[in-house]
Structures are given as structure tokens and as C-alpha cells.
Amino acid sequence: QVQLVESGGGLVRPGGSLRLSCGVSGRTLDYYTIGWFRQAPGKEREAVSCSRRSDTITYYADSVKGRFTISRDNAKNTVYLQMNLLQPEDTAVYYCAAAKVDPNGNSWYWKDLYDDWGQGTQVSVSS
């Protein structure tokens, strides 16, 4: 079974940047599609971005397009989420999750697609 561990969260001012990491163990990263999700207090968990396992296709929620970038380093078994121009509405617990399929543009944000989840890392954006 795969294990996922997020890191890199913290407190940042509006307009600042953070880079989240998702370390994968138990199996090589190239076996998995990795998604990033976030959950703000009192809200549903929502999809942020996804990196497909079989190619370089990535997906982003409209709310983060142009500000966030997902990337993967298969040699390090790590997926990154570079977050720029952070805003208070980006405040949430961020989770990475692994799926054993290649989603498309209409399915990458389905939570049920992902079999394994990390414990989350807190991102707070405040002045």
C-alpha cells in the first residue's frame, strides 16, 4: 500500500508563495496519478490540481490556474505544488492523494477516484 506525506505548509502573507511536497513511499511514483485537494473550515474538500501518471498532462481548478503549478520528480518519488500569489481564500488544509488510473478533464477532481490520502498540511494566508 502506498503512503503519502505532505509537507511545506505554513503561514504566508497575501501575495506570497509556498511550495508543498508530497512524498510517496510503498511503490514508485510513476505508478500513480497524484492529486492535490484542499479543505477550508466549514467547506467541502475541493480539487486543486492533478498530475497524471502516464504522461505530462496536468489539470487545475479555475481558482488556481496561473498561480499554482504541479510537478513531479519520479526519481525522488515526490510531487510538488508551487503556489504563488497566495490569497486569504487559499487558506486550507492541503492533501495529496494517489490514484491508479489516468483521469480526464471531467474526472480528475472526483475524490472517489483516489484510493490513498495523506494526512494534510496547513496553509494559512493572512496579513
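All values below were derived from every heavy atom in this structure, side-chain atoms included, with hydrogens, water molecules and symmetry-related copies excluded.
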Do [X] and [Y] have side chains that approach each other closer than 4.5 Å (heavy atoms only, starting at C-beta)?
{"X": "T78", "Y": "L29", "answer": "no"}
{"X": "Y94", "Y": "Q122", "answer": "no"}
{"X": "T69", "Y": "L81", "answer": "no"}
{"X": "Q119", "Y": "V5", "answer": "yes"}
{"X": "D116", "Y": "Q1", "answer": "yes"}
{"X": "L113", "Y": "V101", "answer": "yes"}
{"X": "R13", "Y": "S126", "answer": "no"}

Selection residues 16-32 - residue pairs positive for salt bridge (charged side-chain N to carboxylate O under 4.0 Å, His left out), sequence neighbours left out: none
Distance, nearest 0.5 Å, that separates SG of C50 from CD1 of I57: 10.0 Å
query: So, do F37 and Y114 have ring centers that fall under 6.0 Å from each other?
result: yes
So does [Y] get a backbone contact from the side chain of [X], meaning a donor-acceptor N/O pair under 3.5 Å?
{"X": "Q87", "Y": "P14", "result": "no"}
{"X": "D102", "Y": "R53", "result": "yes"}
{"X": "N74", "Y": "N77", "result": "no"}

[X] and [Y]: same hydrophobic cluster, using ILVMFWY side-chain contacts below 4.5 Å?
{"X": "W36", "Y": "V2", "answer": "yes"}
{"X": "Y60", "Y": "V125", "answer": "yes"}
{"X": "F68", "Y": "V12", "answer": "yes"}
{"X": "Y31", "Y": "W117", "answer": "no"}
{"X": "Y109", "Y": "L4", "answer": "no"}

message: Does the structure place the NZ or CZ of R38 under 6.0 Å from the centre of the six-membered ring of Y95, at an angle of no more than 45° from the ring's axis?
response: no
query: Looking at Y80, is R72 sitting on its ring face, NZ or CZ under 6.0 Å from the six-membered ring centre and within 45 degrees of the normal?
result: no
query: Just checking, any donor-acceptor pair under 3.5 angstrom between side chains of N84 and S17?
result: yes
- prompt: Do T91 and E89 get their side chains close enough for a donor-acceptor pair, meaning under 3.5 Å?
  reply: no
message: For Y59 and W108, take the angle between the two ring planes, folded into 0 to 90°, and tell me which bin it lands in: parallel under 30, tilted 30 to 60, perpendicular over 60.
response: parallel
- prompt: Any chance CG of D55 has more than 12 other-residue heavy atoms, nucleotides or ligands included, within less than 6.0 Å?
  reply: yes
